[in-house]
Amino acid sequence: MILIVAEKRSVAQAIARYLGGTYKVEKIYGVSAYRFLYGNREAVALGLSGHIMDYDFTARQNVWSWLPPEELFKTSPILVLREEAIKYVRALRSLARKAEEVYLALDADSEGEAISYEVALVVRLVNKNVKIYRVRFNAVTYKDIKIAFQNPTKLDLKQVEKVFSRMQIDLTLGAVFTRFLTLTVRDLLEKGQFLSYGPCQTPVLGIVVTRELQRRNFKPEKYYVIKAVVEIRGYKIEMSADVRFKTRKEAEAVATTIKRGVVKAAIYRPHYIQPPEPLETVELERRASRWLGINSKKTLDIAEELYRAGYISYPRTETTIYPPTLNLREILQELIRGEHSRYVEELLLRGFRPTRGDSDDGAHPPIYPTKGATKSEIYKTFGKIGDNAWAIYDFVVRHFLATLSPPAQVEKQKIVVDFGKIQLEVEGQRTIDEGYWRIYPWERQSDRPLPRVYVGDEVHAIKVEVVERETEPPPPMSESELLALMKKYGIGTDATMQDHIYTNIKRGYMKLQKGKCIPTKLGETLAITLFQYTPELIEPTVRARIERAIQGIVKNGISPNRLIQEIKSEFEKYYNDLKKHRDEIRRALETVLNSKARERSGTY
DNA sequence: GCAAGGTC
């Protein structure tokens, strides 16, 4: 018998379908397994649910009050089976005993490599002589799967070492600093409450708090601008000078000279606005937060439901290029059943060319609809979450259609008038062809057209005024901007970025209000304290530094143990810095934790 | 009870 192990149920099922044609579903310890004939041999495809192993410290080391946190720098966590994966491990063992060959068909990324290794460990324990192969495919399509199984390879142990190193580093740093912070203010915390640190969650908090402080410390400055209504060829046009004056006096001195002028530039230039690139997870989350008012965690949860019900493709991806094996025409034909049938038919008739981004994660395609559906069908299928399910589904459909649509075409307009001492200008825009805006209204730009004037036209000012303005603080950090910054700094992955925001909310460090991230007093104090004594722990580049370091295991053959040791000793220094200021840290946190305690008991 | 990464 041939055993095939996939990272998720849907992939195991697809493999059975593509390699076997037909298959039978069977439940083993509650886990779906797909039996089929591969050529003339019996085969079973088993789908896991991600990792089956994890790192942990020993039971003794996990008694927080007994072990000084810094002791964790001196040991290494051990690899253990995950309790929540026990049924998968049982199914795996039972099938592996009877297998002659095992194919590790996990995702083609480093996590998939690590999970492959975990599977191999379990398999070897129950079947010493079984042959184990690794197969890699970049898309779950007939062609990719077929080719992958004809070209089995070996495990890439460097990738495995990299992932296991990150797990150990993250757990050690997380545990040491979480326990230190918690134990420092232990008596001030509620039952079950703790103060966490993590190399992703904490820099996220740092970004949000930094913005909040910039806003609070912002000193607005007055400045003065010149606005005017002028007449050209009988048209009345509002114009302004692209100059900020420090005082009203200076501005007025210039304003009084504005009488007669001449058109220096009159530009009417066609401009194309390209439709969006194929959809990846973080863009879905950002756009849903901005345009649909659904936060990133909820968006991913709903996308997951839509995926499981077969309406959209796998929602965790960083890829923005449609794979050549994806039949876009077929998807369009399927979408005729949905709410945009006329638009879809038009696309099919007129022909289309997809947009293309520049990233390919090697494991999953961009997010696209896999089934056409009407609004009422989605509402019926998703019951209570119908509203949001429809919003997200319809967004994915529209985004997909947009990527196949023509660009919008506008005329960019600009008039510049020379008044001798100063130039006034105005910009305008007129839509020539709506293009993809018809299906993607969120990017639609409104018209503010200018009349046609010509270089050399005479101009005279009808009204000139000096307007007082104030410089403005940066806006509160929106969830959408935060996600973009996390991506820029390499904090988290497509699948986890929303988790790191949510962790901060769960810990009481920040809130999400109307798409804006607002730090709480506790979050603010924690961040400020860390910035003060150990900025290295909270600056946004921490994560990228760790990622770069572990990448050295793959790229430069650096020994994982040496690398882990180096990182641990670096962070041990930060730990000692923090420890020196234990009293100050306690005093700072005391004020916010105490006020919370007072609020609870109702005494002030 | 700590993290971040898979996945449900």
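All values reported here derive from a predicted model rather than from experimental measurement. Below, read A as the first sequence line, B as the second, and so on, with proteins coming before strands; counting in each chain starts at 1.
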Between atom [atom1] in [X] and atom [atom2] in [N], what is the gap in whole Å?
X: A:His51; N: B:dT7; atom1: NE2; atom2: P; result: 9 Å
X: A:Ile115; N: B:dG6; atom1: CD1; atom2: C1'; result: 5 Å
X: A:Arg186; N: B:dG1; atom1: CZ; atom2: P; result: 13 Å
X: A:Asp54; N: B:dA4; atom1: CG; atom2: C1'; result: 9 Å
X: A:Phe164; N: B:dA4; atom1: CZ; atom2: P; result: 18 Å
X: A:Glu111; N: B:dG6; atom1: CD; atom2: C1'; result: 6 Å
X: A:Leu67; N: B:dC2; atom1: CG; atom2: C1'; result: 12 Å
X: A:Ile86; N: B:dT7; atom1: CD1; atom2: C1'; result: 16 Å

For [X], report the nucleic acid contact type (base, sugar-phosphate, nothing); a contact means any heavy atom under 4.0 Å.
X: A:Pro69; value: nothing
X: A:Arg308; value: sugar-phosphate
X: A:Asp56; value: base
X: A:Gly174; value: sugar-phosphate
X: A:Gln201; value: sugar-phosphate
X: A:Asp107; value: sugar-phosphate

Q) Take atom NZ in A:Lys568; do more than 12 heavy atoms of anything else shown fall under 6.0 Å from it? A) yes

Q) Should we say atom NZ of A:Lys555 is surrounded by more than 12 heavy atoms from elsewhere, each under 6.0 Å from it? A)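 No - once you tally the heavy atoms of other residues, nucleotides and ligands closer than 6.0 Å, there are 12 at most.
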
[X] side chain N/O closer than 4.0 Å to the phosphate oxygens (OP1, OP2) of [N]?
X: A:Arg316; N: B:dT7; result: yes
X: A:Arg166; N: B:dG6; result: no
X: A:Thr182; N: B:dG1; result: no

Q) Which one of A:Leu106, A:Asp107, A:Leu48 satisfies the side chain to side chain contact (heavy atoms under 4.5 Å, CB included) criterion with A:Lys8? A)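 By the side chain to side chain contact (heavy atoms under 4.5 Å, CB included) criterion, A:Lys8 pairs with just one of A:Leu106, A:Asp107, A:Leu48: A:Asp107.
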
Q: Report the nucleotide, chosen from B:dG6, B:dA4, B:dC2, that has the shortest atom-to-atom distance to any side-chain atom of A:His500.
A: B:dA4

Q: Going by the salt bridge (Lys or Arg N to Asp or Glu O under 4.0 Å) test, name the single residue among A:Lys154, A:Lys162, A:Lys158, A:Arg136 that passes it with A:Glu113.
A: A:Arg136

Q: For A:Gly192 and for A:Tyr314, locate the closest nucleotide of DNA chain B by heavy-atom distance; then report the residue assigned to the nucleotide nearer the 5' terminus.
A: A:Gly192

Q | pi-stack flag for A:Tyr197 and B:dA3, centroid dist under 5.5 Å, interplanar under 30° | A | no

(Q) Is there a ring pair (Phe, Tyr, Trp, His ring centres under 6.0 Å) between A:Phe571 and A:Tyr574? Walk through the geometry before answering. (A) CA-CA 5 Å; A:Phe571 280 80; A:Tyr574 307 146; 5.2 Å; yes

